[in-house]
Amino acid sequence: MAGKSSVKRSGIAGVVKALIEKPIIDAGYELWDVDYVKEGTDYNLVITIDKKPLVTISDCEKVTRLIDPILDEADPIPDSYYLEVSSAGSERDLKRAEHFEVYMGKNIKVGLFKALTAEECEGAAALVGTKAFCGVLDGYNESAISVITDGSKISIEMKKCSYIRADDAEDFVIGDVKETSTDDEDE
């Protein structure tokens with residue numbers, strides 16, 4: 001098949017995104033990310049979706065049933081692979097410009113490949129030697145992010161980050177929870 005051999009593994013995620021994004025949006029979801037990764041001897045196509053207020057297992061099943069025939073017909077992946085559809089979750093990875101736009105001024109978590117040096121932590125001495133920290137995303141471009149943490153603004157090159165994630169677990173609410181008590185201890 002011509003489609004199979006013409007797509008390099010590095011471009012598979014982009015090809016898949018182009019095939020499935022509109023149907024996913026039309027079904028009421030947001031396509032947060034597409035990854036094509038090798039784990040051990042297996043290839044996994046990981047589709048990450050979002051929906052307010054939250055994504056359920058039923059939503060993941062619905063999207064799987066929606067995109068599976070699209071992927072089967074287009075056949076953009078030369079390898080045998082596992083399809084995984086999951087929720088972006090409250091600690092979602094931030095990778096693309098649109099992700100950073102959504103999280104400007106909000107809490108994020110940053111993991112680094114190497115511990116921060118004194119030069120990188122100018123004004124945030126408490127972070128020297130750390131490989132992970134939390135703060136408020138203050139800016140970004142294709143090569144770096146700016147984070148306000150401990151009252152200081154630091155800039156980190158993207159290539160030094162092992163991960164950049166949303167840190168909005170406090171804002172992640174699963175329905176309205178009402179506390180009820182059958183105890184009469186407060187009376």
Side-chain angles (χ1 to χ4, degrees), residues 1-111 136-145 158 161-178:
M1 293 188 169
K4 281 182 129 179
S5 62
S6 66
V7 178
K8 293 182 180 180
R9 282 191 182 89
S10 62
I12 288 174
V15 170
V16 168
K17 180 182 179 199
L19 288 169
I20 66 171
E21 187 166 34
K22 184 173 181 346
I24 287 175
I25 290 169
D26 290 348
Y29 301 94
E30 175 186 352
L31 179 59
W32 186 260
D33 204 12
V34 177
D35 277 321
Y36 185 66
V37 294
K38 186 171 184 180
E39 294 179 7
T41 59
D42 298 323
Y43 287 96
N44 296 313
L45 178 61
V46 182
I47 310 299
T48 310
I49 60 171
D50 197 18
K51 179 187 87 168
K52 298 295 180 197
L54 63 107
V55 174
T56 65
I57 292 171
S58 295
D59 292 320
C60 294
E61 291 170 348
K62 180 180 176 184
V63 170
T64 299
R65 286 190 303 273
L66 173 71
I67 66 173
D68 197 37
I70 297 168
L71 294 171
D72 283 349
E73 185 172 322
D75 203 16
I77 301 175
D79 312 294
S80 171
Y81 66 92
Y82 293 98
L83 174 61
E84 176 185 326
V85 176
S86 63
S87 166
S90 63
E91 292 188 0
R92 63 196 59 207
D93 288 329
L94 307 180
K95 298 178 180 179
R96 300 190 318 251
E98 53 267 30
H99 297 165
F100 291 104
E101 280 295 322
V102 169
Y103 281 88
M104 282 294 298
K106 295 182 181 175
N107 293 329
I108 63 168
K109 294 179 180 180
V110 179
V136 175
L137 180 62
D138 187 58
Y140 72 92
N141 61 40
E142 64 278 346
S143 62
I145 59 169
M158 295 276 208
C161 298
S162 59
Y163 65 82
I164 304 168
R165 294 188 180 125
D167 183 18
D168 53 66
E170 292 175 12
D171 298 332
F172 192 70
V173 178
I174 301 175
D176 292 325
V177 178
K178 294 182 181 176

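Atoms considered below: every heavy atom in the structure, side chains included; atoms not considered: hydrogens, waters and symmetry mates. Nothing fancy with the numbering, it's 1 onward along the sequence.
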Go through the steps to decide whether L137 and I164 satisfy the test side chain to side chain contact (heavy atoms under 4.5 Å, CB included), and finish with yes or no. CA-CA 10 Å; L137 180 62; I164 304 168; over 6 Å; no
Do [X] and [Y] come close enough that some side-chain heavy atom pair is under 4.5 Å?
| X | Y | answer |
| --- | --- | --- |
| P76 | I12 | no |
| T48 | R92 | no |
| W32 | L94 | yes |
| I77 | V16 | yes |
| K62 | V85 | no |
| I24 | I47 | yes |
| L71 | L45 | yes |
| N107 | V136 | yes |

Start with the C-alpha gap between K95 and D35, add the side-chain angles, then the distance that decides, and say whether side chain to side chain contact (heavy atoms under 4.5 Å, CB included) holds. CA-CA 11 Å; K95 298 178 180 179; D35 277 321; 2.7 Å; yes
Nearest-0.5 Å distance, [atom1] of residue [X] to [atom2] of residue [Y]:
| X | Y | atom1 | atom2 | result |
| --- | --- | --- | --- | --- |
| S87 | I57 | OG | CD1 | 10.5 Å |
| D75 | I70 | CG | CD1 | 14.0 Å |
| I145 | Y103 | CD1 | OH | 14.5 Å |
| I108 | D93 | CD1 | CG | 12.0 Å |
| D138 | Y140 | CG | OH | 12.5 Å |
| K17 | K22 | NZ | NZ | 15.0 Å |

Considering all heavy atoms, the nearest N141-M158 contact: O-CE, 3.5 Å
Tightest non-hydrogen contact, residues V110 and C161, listed as CG1-SG, 3.9 Å
Go through the steps to decide whether D33 and R96 satisfy the test side chain to side chain contact (heavy atoms under 4.5 Å, CB included), and finish with yes or no. CA-CA 9 Å; D33 204 12; R96 300 190 318 251; 3.3 Å; yes
Would you confirm whether D59, through its side chain, and T56, through its main-chain N or O, come within 3.5 Å as a donor-acceptor pair? yes
Lys/Arg N to Asp/Glu carboxylate O, K38 vs D79, below 4.0 Å: no
For E73, does the CD atom have more than 12 heavy-atom neighbours from other residues, nucleotides or ligands under 6.0 Å away? no
